[in-house]
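Have a look at the structure below, then the notes.
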Amino acid sequence: MKIPSVKGFHDVLPGESARWARLESTAREIFERYNFGEIRLPIVERSELFRRSVGETTDIVEKEMYTFSDRDGSDLTLRPEGTASAVRAYVEHAMQGVDPVTKLYYFGPMFRRERPQKGRLRQFSQIGAEVIGRDDPAVDAEVLVMLADLLRGFGIESAEIGVNTLGCAECRPGYREALVAWGESRLDERCADCQRRLRQNPMRLLDCKQPQCVGMRDEAPKMIDHACAACRNHFDRVLRLCDAEGVALTMQPYMVRGLDYYCRTAFEVVASGLGSQNAVGGGGRYDGLVQSLGGPAVAGIGFALGVERLALVLEAQGAAATTAVPEFFVAPLGEAAESAAFGLTHRLRVAGARVEMDSGSRSLKSQMRRAGKLDVPYVIILGEDEVAGGSITVRDMRARTDRRGIAPIDTDVETLRAALAAVATTAAAEERV
RNA sequence: GUGGGUGUAGCUCAAUUGGUUAGAGCGCUGGAUUGUGGCUCCAGAGGUUGUGGGUUCGAUUCCCAUCACUCACCCCA
């Protein structure tokens with residue numbers, strides 16, 4: 001009886017996981033350059049954490065969380081995003097006392113019970129970063145510049161970073177009113193969803209994709225026009241700093257974000273090759289969040305990138321999934337040779353070589369066939385002759401030549417590699433003569 | 001949660017208006033005289049046609065249900 005995987009929960013197979021590993025290692029390298037430190041966060045948190053941070057009325061909290069009651073009755077949830085956990089950890093460990101500026105990055109799976117489709121899974125992975133402690137526009141710019149560095153480092157070609165300001169507690173209410181007034185003006189022309197949104201979350205009117213609503217959007221009031229002087233100056237400064245570093249940002253006056261805690265600078269990364277899920281990342285400032293989770297009154301900003309989506313973009317760009325190739329393939333013939341081969345293989349591996357060994361009960365032909373398919377450059381043949389003579393035969397798969405007795409059975413990697421290199425240079429020299 | 005599409009071998013797909021032993025390519029296994037791969041050739045293994053009903057002399061084909069996958073809406077990374 002086969003037991004299939006759970007809907008929306010996918011395996012990442014070796015060829016694909018190599019791509020993930022590259023994404024993570026470049027991210028790690030760039031984060032460290034910007035002096036961020038890695039934080040490893042738990043996957044399960046108290047449900048209350050997300051209700052309070054992400055927002056009670058968001059889709060995530062209302063219908064997408066994997067929430068369960070633990071055996072002791074506590075109300076727990078598989079994290080749907082990373083910022084809440086990072087801020088919780090910041091507060092829990094009083095990180096403001098270590099350094100007024102805390103810079104964290106993390107990798108890991110998130111869980112949202114949505115209907116799966118291309119680029120959208122129920123378990124998905126994020127690469128995220130957070131800066132907590134300063135509301136200086138230079139911090140926003142640092143984060144955006146780093147984001148651009150990351151995208152370039154990943155080799156994402158056509159990514160675009162869209163930005164907007166969402167205002168603050170001072171100016172957003174006024175904007176909200178203006179938005180509601182605008183929305184009501186031609187309410188009957190809007191789609192049913194927007195008529196509902198108008199009351200629940202008027203900001204959402206702006207990113208409706210229905211044709212009739214998109215058509216009206218150009219006349220909508222813009223946050224930037226309603227922003228207070230502080231917000232406007234902040235945003236201007238962010239844009240100026242990024243521009244000076246050659247980081248291209250696209251102003252998107254109608255961009256809104258899905259999570260309640262965002263304010264001021266908000267941004268998202270869009271790329272092609274993802275079907276209708278064209279956002280590979282998003283983030284923004286969350287100045288009130290730390291305090292609302294019981295911490296000091298400090299500001300924060302962060303973003304997250306979707307690993308699956310980044311991988312899809314790279315795949316669409318034609319980057320093939322790569323498979324690692326062993327340096328040596330040990331082909332024993334017969335049981336006696338197998339013992340010797342086993343020892344040799346282990347010795348080579350301990351010394352750091354990537355080695356594959358096949359079974360001595362298989363024919364040399366089939367072992368060669370497999371070695372050829374794996375694209376291994378050298379096959380170490382260990383048959384009766386070799387065992388009797390105490391030395392190995394190495395076949396150079398590319399040159400299609402055998403070297404009998406090139407090294408003793410108990411050789412070490414350095415000796416073997418040196419012998420092969422010597423043979424190669426001699427062969428090259430002979431060819432020239 | 002709401003729509004559309006698709007379910008046949010490990011993978012990608014065939015199978016005439018419903019017709020008898022459900023095929024091909026790739027992959028896999030073995031072989032083409034002694035212990036040698038990529039190309040070629042030969043052979044073999046592998047399917048309760050997603051599942052359960054129904055119509056029919058007969059269903060991969062038609063109908064219903066169900067499940068799964070997938071794309072889109074929604075939402076977002």
Side-chain angles (χ1 to χ4, degrees), chain A residues 2 4-8 10 23 54-55 57-64 79-83 107-128 147 159 191-194 196-197 201 204 207-211 255-259 262 267-271 274-284 302-313 329 331-334 337 358 360 362-387 393-404:
Chain A
K2 271 196 286 192
S5 62
V6 177
K7 184 203 281 279
H10 286 197
L23 286 170
V54 176
T57 62
T58 57
D59 278 14
I60 292 176
V61 170
E62 274 184 353
K63 49 197 181 191
E64 294 175 359
R79 63 180 185 191
E81 60 111 30
T83 300
F107 303 106
M110 307 296 164
F111 305 84
R112 293 181 200 172
R113 202 181 182 291
E114 298 181 273
R115 188 75 167 256
Q117 70 186 68
K118 190 177 176 72
R120 191 172 77 185
L121 298 171
R122 290 182 173 183
Q123 176 179 330
F124 59 99
S125 279
Q126 288 191 334
I127 296 174
L147 180 58
C191 70
D193 279 332
C194 280
R196 176 181 52 81
R197 287 186 184 113
N201 192 350
R204 291 244 148 265
D207 64 353
C208 182
K209 288 169 196 155
Q210 295 297 318
M255 183 183 80
V256 295
R257 303 253 68 226
L259 283 56
Y262 287 121
F267 50 93
E268 65 184 21
V269 185
V270 297
L274 287 167
S276 69
Q277 309 300 319
N278 66 345
V280 294
F303 65 82
L305 292 158
V307 180
E308 288 83 355
R309 292 186 182 180
L310 290 170
L312 278 173
V313 172
F329 186 100
L333 301 171
D358 211 331
R362 303 189 64 81
S363 69
L364 181 59
K365 188 197 207 53
S366 77
Q367 298 198 58
M368 291 296 290
R369 219 197 294 254
R370 183 150 96 93
K373 188 164 295 180
L374 294 177
D375 203 27
V376 181
Y378 298 109
V379 175
I380 297 173
I381 298 170
L382 263 176
E384 283 175 26
D385 300 352
E386 285 78 7
V387 173
T393 296
V394 175
R395 177 161 179 89
D396 182 328
M397 297 296 273
R398 302 205 210 296
R400 305 176 62 86
T401 53
D402 284 4
R403 299 290 166 178
R404 291 191 153 264

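Please read all numbers here as calculations on a predicted model, not as lab measurements. In what follows, chains carry the letters A, B, and so on, assigned in the order in which the sequence lines appear, proteins first and then strands, with residues in each chain numbered from 1.
- Annotation: salt bridge (Lys or Arg N to Asp or Glu O under 4.0 Å) contacts of A:D358 (sequence neighbours excluded): A:R370.
- Nucleotides B:G50 and B:A68 are separated by 7 Å at their C1' atoms, to the nearest Å.
- Across all strands shown, A:Q367 has no heavy atoms under 4.0 Å from either base or sugar-phosphate atoms.
- For the C1' atoms, the distance linking B:U48 with B:A9 amounts to 14 Å, nearest Å.
- Contact annotation for A:G128: no contact, since no heavy-atom pair falls under 4.0 Å across all strands.
- Between the side chain of A:R112 and the backbone N or O of A:P80 there is at least one donor-acceptor pair closer than 3.5 Å.
- Counting only Watson-Crick and G-U wobble pairs whose two key distances fall under 3.5 Å, RNA chain B forms stems of three or more stacked pairs at B:1-7 with B:67-73, B:10-13 with B:23-26, B:28-32 with B:40-44, B:50-54 with B:62-66.
- Separation of the P atoms belonging to B:G35 and B:G25 is 31 Å when rounded to the nearest angstrom.
- With sequence neighbours excluded, the residues that form a salt bridge (Lys or Arg N to Asp or Glu O under 4.0 Å) with A:R395 are A:D402.
- Side-chain N or O atoms of A:Q123 include none that pairs as donor or acceptor with a backbone N or O of A:H10 at under 3.5 Å.
- Residue A:R398 is the one, among A:R398 and A:V307, whose nearest nucleotide of RNA chain B lies closer to the 5' end (criterion: closest heavy atom).
- Across all strands, A:Q123 comes closer than 4.0 Å to no nucleic acid atom at all (heavy-atom distances).
- Under the salt bridge (Lys or Arg N to Asp or Glu O under 4.0 Å) criterion, A:R257 pairs with A:E268, not counting sequence neighbours.
- Exactly one residue among A:V61, A:T58, A:I60 makes a side chain to side chain contact (heavy atoms under 4.5 Å, CB included) with A:L259. That residue is A:I60.
- Within 4.0 Å of A:R115, counting heavy atoms only, lies at least one base atom of the nucleic acid.
- Spacing of C1' atoms, B:U29 relative to B:U2, comes out at 48 Å, to the nearest Å.
- When atom types are taken as modelled, the side chain of A:E81 and the backbone of A:M110 share no donor-acceptor pair closer than 3.5 angstrom.
- If you take atom C1' in B:U60 and the same atom in B:U17, they sit 16 Å apart, rounded to whole Å.
- When the P atom is used for both B:A65 and B:G4, the distance is 12 Å, rounded to whole Å.
- Nucleic acid contact for A:L121: base, since at least one base atom lies under 4.0 Å from a heavy atom of the residue.
- Comparing B:A45 with B:U56, their P atoms sit 38 Å apart, to the nearest whole Å.
- Contacts between chain A and RNA chain B, taken as any atom within less than 4.0 angstrom of a protein heavy atom, begin and end at B:G1 to B:A77.
- A:R404 CZ to A:E386 CD: the interatomic distance, rounded to the nearest 0.5 Å, is 5.5 Å.
- In this structure, A:I60 reaches neither bases nor backbone, as no heavy-atom distance under 4.0 Å exists between it and the strands shown.
- The residue among A:S363 and A:R404 whose nearest nucleotide of RNA chain B is located toward the 5' end is A:S363.
- Annotation: salt bridge (Lys or Arg N to Asp or Glu O under 4.0 Å) contacts of A:R122 (sequence neighbours excluded): none.
- Counting non-hydrogen atoms under 4.0 angstrom, A:D375 reaches nothing in the nucleic acid.
- Going from the P atom of B:G53 to that of B:G3 covers 27 Å, rounded to whole Å.
- Contact annotation for A:K63: no contact, since no heavy-atom pair falls under 4.0 Å across all strands.
- In this structure, A:F107 CZ and A:L305 CG are separated by 10.0 Å, a value rounded to the nearest 0.5 Å.
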